[in-house]
Amino acid sequence: MKSIRSFLRRSLIGGVVIVLGAAGAWSYYDAREQIDELFDAELAQNARMLGKLYQSQLSALDVESRQELLQELTAGIFRLRPPSLSFPDGHEKSPLGHVYEDKLVFQMWDPLGQPLLGLGVQGVNLTYMPIPGYGMQHTDHFDWHTFTLYFPDTGVWVTAAQREDVRDELTGQIALHNVLALIVGLLVIALMIGIAVSRGFRPVLRISRQITARQPGYLEPLDVREAPDEIRGMVDALNGLLARLADTLDKERRFTANAAHELRTPLAGIKVHAQNLEADATDEASRRAARMIVDGVNRMTRMVEQLLTLSRLESGTEVPRVKVDLEHLAHELERDLGHMAQQRGIVLLLKIAPEVTLYSHENGIYVLLRNLLDNALRYTPEGGQVQLVIRVDATADKGMTRLVTMEVLDTGPGIPLRERERVFERFVRLAGQKTQGSGLGLSIVRELAERLGADLTLSDSPLGTPQMPGLMARVRFP
């Protein structure tokens, strides 16, 4: 179940459809039953009325007049036919009659089965069936409901009949009206269900948007003033978790920052004493030991600086974006790291597009590129090459968006494909690496790239060889 709102809409509307469908079916069959009872009663009433009228007519005549009347009835003189009526299009009745007259007939028979008085339709002849009660007769095209009565006083049988499709048509019309009413009701109910479900989940969606819109470092509690009772416990628990997480992260940042700051002073003192020891040493072994102490202090100092950088990044402090001159920034990096490149006999080349700028955090970009160049210079063998390339690329949407691409390429050993994701973890160093390091450089680079909204990828370097594939770190800023 992916969406509670969709589930509720489907379930409620589906339940309403089933209930209304059952109600419609029940209404249809109940209407048919009531119509059958009404028309059956009408048939019985018509037959009884005709028989009584005939009986009263005969009782008012003398014997001779009765014989003449019977002869005339037997001869068909009083065979009645409905008048030929016309009706406007779409109308079923007029001041002179109704179209249903062609669907109602009756017939009288004497005790021998001779037809007497009757009201019929062309081509429809009821069959003499001296069985009292309700029945069915079939003509060439239709079924007829019948009711037959015997009148002992006059010795006649009277049958009143009605066509089956009269009942079907009336039942269909009632059912159609009911179905239309149910459909309109269903649409209204579906609309009301959709509105009610949407309004009911509006506080949940507001809380969801609060969570979605948060920045990674924003751990303030959620606003629960409009949270419904059903999720208030969950929101309170989440706020408690955020509070504990904020406290834990704050303690971690304070510890890292304090430890790094406290380590700076003693490290600087150790370095000064080691340099003094190296200067005062009288033999080569002492000087070599002093230089090893200085190198160790330098590595420790670098790790402390990186820990401080991570602490500042994790603090989540927002820095205003400014217009950064990338060409100027690249030359600053060249001045800062040129001495290291010269010491290791590595060629450091800059390929910078003219007048390329970027609105971003200048210090963040500087630290990012410095870490990438520092890594490249450290792991590239002596006599190798490191390049910094900065250019502007147009995207596939006809140049409407431009990407500032920064690439650091080297001729070092590179990183195996299966290890390229793991090297971004803190304090991770690949097996077999002889160059000393802390394993924090690429972690800082990824953290900075995410915070600056850039895309960071690692791949083989175009400068590499089969023996030394090299590494290309590409950072793209929109």
Side-chain angles (χ1 to χ4, degrees), residues 212 214-219 245 248-249 252-253 256 299 302-316 333 337 358 360-361 363-381 384-391 393 395-396 403-478:
T212 303
R214 284 175 173 244
Q215 296 299 322
Y218 186 70
L219 299 177
L245 182 59
T248 301
L249 292 177
E252 181 184 348
R253 286 194 292 266
T256 303
R299 290 195 300 271
R302 183 170 179 271
M303 180 181 292
V304 169
E305 293 294 336
Q306 289 179 326
L307 287 173
L308 282 173
T309 302
L310 273 176
S311 178
R312 286 192 293 267
L313 289 174
E314 291 173 347
S315 67
L333 287 166
L337 297 173
L358 178 68
S360 187
H361 308 309
N363 291 337
I365 295 177
Y366 177 85
V367 175
L368 184 150
L369 290 178
R370 181 185 175 89
N371 275 276
L372 288 177
L373 287 169
D374 184 81
N375 268 12
L377 292 171
R378 285 177 179 276
Y379 291 99
T380 298
Q385 181 179 339
V386 173
Q387 289 185 9
L388 172 60
V389 180
I390 300 179
R391 64 178 184 271
D393 296 330
T395 58
L403 296 176
V404 176
T405 302
M406 305 177 187
E407 295 175 345
V408 176
L409 306 91
D410 62 49
T411 56
I415 299 176
L417 182 61
R418 62 181 179 276
E419 301 286 350
R420 287 177 186 169
E421 185 63 28
R422 199 168 70 90
V423 295
F424 291 114
E425 299 175 9
R426 297 181 187 180
F427 305 107
V428 170
R429 303 188 74 246
L430 301 182
Q433 288 183 343
K434 298 180 181 180
T435 303
Q436 296 182 352
S438 62
L440 289 173
L442 289 179
S443 299
I444 294 174
V445 169
R446 167 170 275 190
E447 185 78 21
L448 279 167
E450 291 178 353
R451 291 187 177 275
L452 298 175
D455 179 46
L456 171 64
T457 58
L458 300 180
S459 61
D460 291 337
S461 171
L463 306 177
T465 63
Q467 292 76 24
M468 285 286 181
L471 183 69
M472 180 175 69
R474 174 180 291 164
V475 185
R476 308 191 83 174
F477 290 83

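These figures come from a predicted structure and were not determined experimentally. Positions are given from 1, in the same order as the sequence printed here.
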(message) Going by the rule salt bridge (charged side-chain N to carboxylate O under 4.0 Å, His left out), which residues pair with Arg391 if we only count those two or more places apart in sequence or in a different chain?
(response) Asp393, Glu407
(request) Please report the shortest heavy-atom distance between Asp460 and Met472, naming the atom on each side. (result) O-CB, 3.9 Å
(message) Rounded to the nearest 0.5 Å, what separates atom OG in Ser459 from atom CG in Leu409?
(response) 8.0 Å
(request) With rounding to the nearest 0.5 Å, note down the distance linking CG in Leu369 to CG in Asp374. (result) 12.0 Å
(request) Apply side-chain contact (heavy atoms from CB on, under 4.5 Å) to Pro466 and list each qualifying residue two or more places apart in sequence or on a separate chain. (result) none
(message) If the condition is salt bridge (charged side-chain N to carboxylate O under 4.0 Å, His left out), which residues does Asp455 pass it with, not counting sequence neighbours?
(response) none
(message) Going by side-chain contact (heavy atoms from CB on, under 4.5 Å), name the residues that satisfy it together with Leu372, two or more places apart in sequence or in a different chain.
(response) Leu368, Val408, Leu442, Val445, Ala473, Val475
(request) Could you tell me which residues satisfy side-chain hydrogen bond (donor to acceptor under 3.5 Å, both in side chains) with Gln467, sequence neighbours excluded, listed by chain and number? (result) none
(request) Quick one: pull up CG in Asn371 and CG in Leu448 and give me the separation to the nearest 0.5 Å. (result) 7.5 Å
(message) Using 0.5 Å steps for rounding, measure from the CZ atom of Arg446 to the CG atom of Leu458.
(response) 8.5 Å
(message) To the closest 0.5 Å, what do you measure between CG (Leu358) and CE (Met406)?
(response) 5.5 Å
(request) Locate the shortest heavy-atom distance separating Pro413 from Tyr379; write the atom from each residue and the value. (result) CD-O, 3.1 Å
(message) What's the separation between atom CD in Gln387 and atom CG in Leu463, rounded to the nearest 0.5 Å?
(response) 4.5 Å
(request) With sequence neighbours excluded, tell me which residues meet side-chain contact (heavy atoms from CB on, under 4.5 Å) with Thr380. (result) Ile346, Val386, Asp410, Thr411
(request) Locate the shortest heavy-atom distance separating Leu456 from Ala449; write the atom from each residue and the value. (result) CB-CB, 4.1 Å
